[in-house]
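Since this is a predicted model, take the numbers as computed values, not measurements.
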Amino acid sequence: MSEIDNLKTEIKKLSAKAMQAKMDLHDLSEELPINWPTIPEVAQKAHEAFAELEKKRAKLKSLETV
């Protein structure tokens with residue numbers, strides 16, 4: 001597989017991970033004030049997942065425009 005194909009596969013996995021992190025954050029918000037101390041941890045996981053996804057998408061875009 002080419003680097004672009006590998007990156008697309010990785011992006012699919014990261015997208016699923018980011019969507020799960022988003023849903024975890026959403027679920028937590030609906031349950032508040034229960035488990036409120038976990039807000040920073042859950043938010044950090046979502047932030048990291050979306051940051052990684054954005055980074056890989058940017059890399060893919062740069063490879064496709066070359």
Side-chain angles (χ1 to χ4, degrees):
M1 289 178 81
S2 72
E3 183 177 1
I4 290 177
D5 291 334
N6 287 337
L7 203 49
K8 285 181 180 180
T9 300
E10 189 175 353
I11 287 171
K12 275 187 171 184
K13 291 177 184 176
L14 288 172
S15 182
K17 180 181 174 182
M19 289 302 111
Q20 182 59 55
K22 177 182 113 172
M23 289 309 300
D24 292 345
L25 190 57
H26 177 265
D27 292 346
L28 175 62
S29 72
E30 287 188 340
E31 296 169 356
L32 289 173
I34 299 169
N35 292 327
W36 69 266
T38 63
I39 292 171
E41 177 187 336
V42 175
Q44 183 64 34
K45 285 180 183 179
H47 183 271
E48 289 170 359
F50 278 95
E52 188 175 1
L53 178 59
E54 185 176 306
K55 180 180 169 185
K56 295 295 181 175
R57 284 180 174 163
K59 182 175 180 180
L60 176 62
K61 186 176 180 178
S62 72
L63 288 173
E64 290 179 329
T65 59
V66 172

What side-chain donor-acceptor pairs closer than 3.5 Å can you find for residues 57-66, not counting sequence neighbours?
from  : atom 1 : to    : atom 2 : distance (Å)
Ser62 : OG     : Lys59 : O      : 2.7
Thr65 : OG1    : Lys61 : O      : 3.2
Thr65 : OG1    : Ser62 : O      : 3.2

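Across all their heavy atoms, Ala21 and Ala46 have their closest contact at CB-CA, 3.6 Å. For Leu53 against Ala18, the heavy-atom pair with the smallest separation is CD2-CB, 4.0 Å.
A search for salt bridge (Lys or Arg N to Asp or Glu O under 4.0 Å) contacts involving Lys13 returns nothing, not counting sequence neighbours. Partners of Lys56 according to the side chain to side chain contact (heavy atoms under 4.5 Å, CB included) rule, which considers only residues two or more places apart in sequence or in another chain, are Leu7, Glu10, Ile11, Leu14. For Ser2, the side-chain hydrogen bond (donor to acceptor under 3.5 Å, both in side chains) partners are Asp5, not counting sequence neighbours.
No side-chain heavy atom of Phe50 sits under 4.5 Å from any side-chain heavy atom of Lys55.
Val42 and Trp36 end up in the same hydrophobic cluster when Ile, Leu, Val, Met, Phe, Trp and Tyr side chains are linked at under 4.5 Å. Residues Ile39 and Ile34 do not share a hydrophobic cluster, clusters being chains of Ile/Leu/Val/Met/Phe/Trp/Tyr side chains in contact below 4.5 Å.
A side chain to side chain donor-acceptor pair (under 3.5 Å) check over residues 17-31, counting only residues at least two apart or in different chains, returns the pairs Gln20-Asp24, His26-Glu30. Sorted by first then second residue, the salt bridge (Lys or Arg N to Asp or Glu O under 4.0 Å) pairs that include residues 40-50, not counting sequence neighbours, are Glu41-Lys45.
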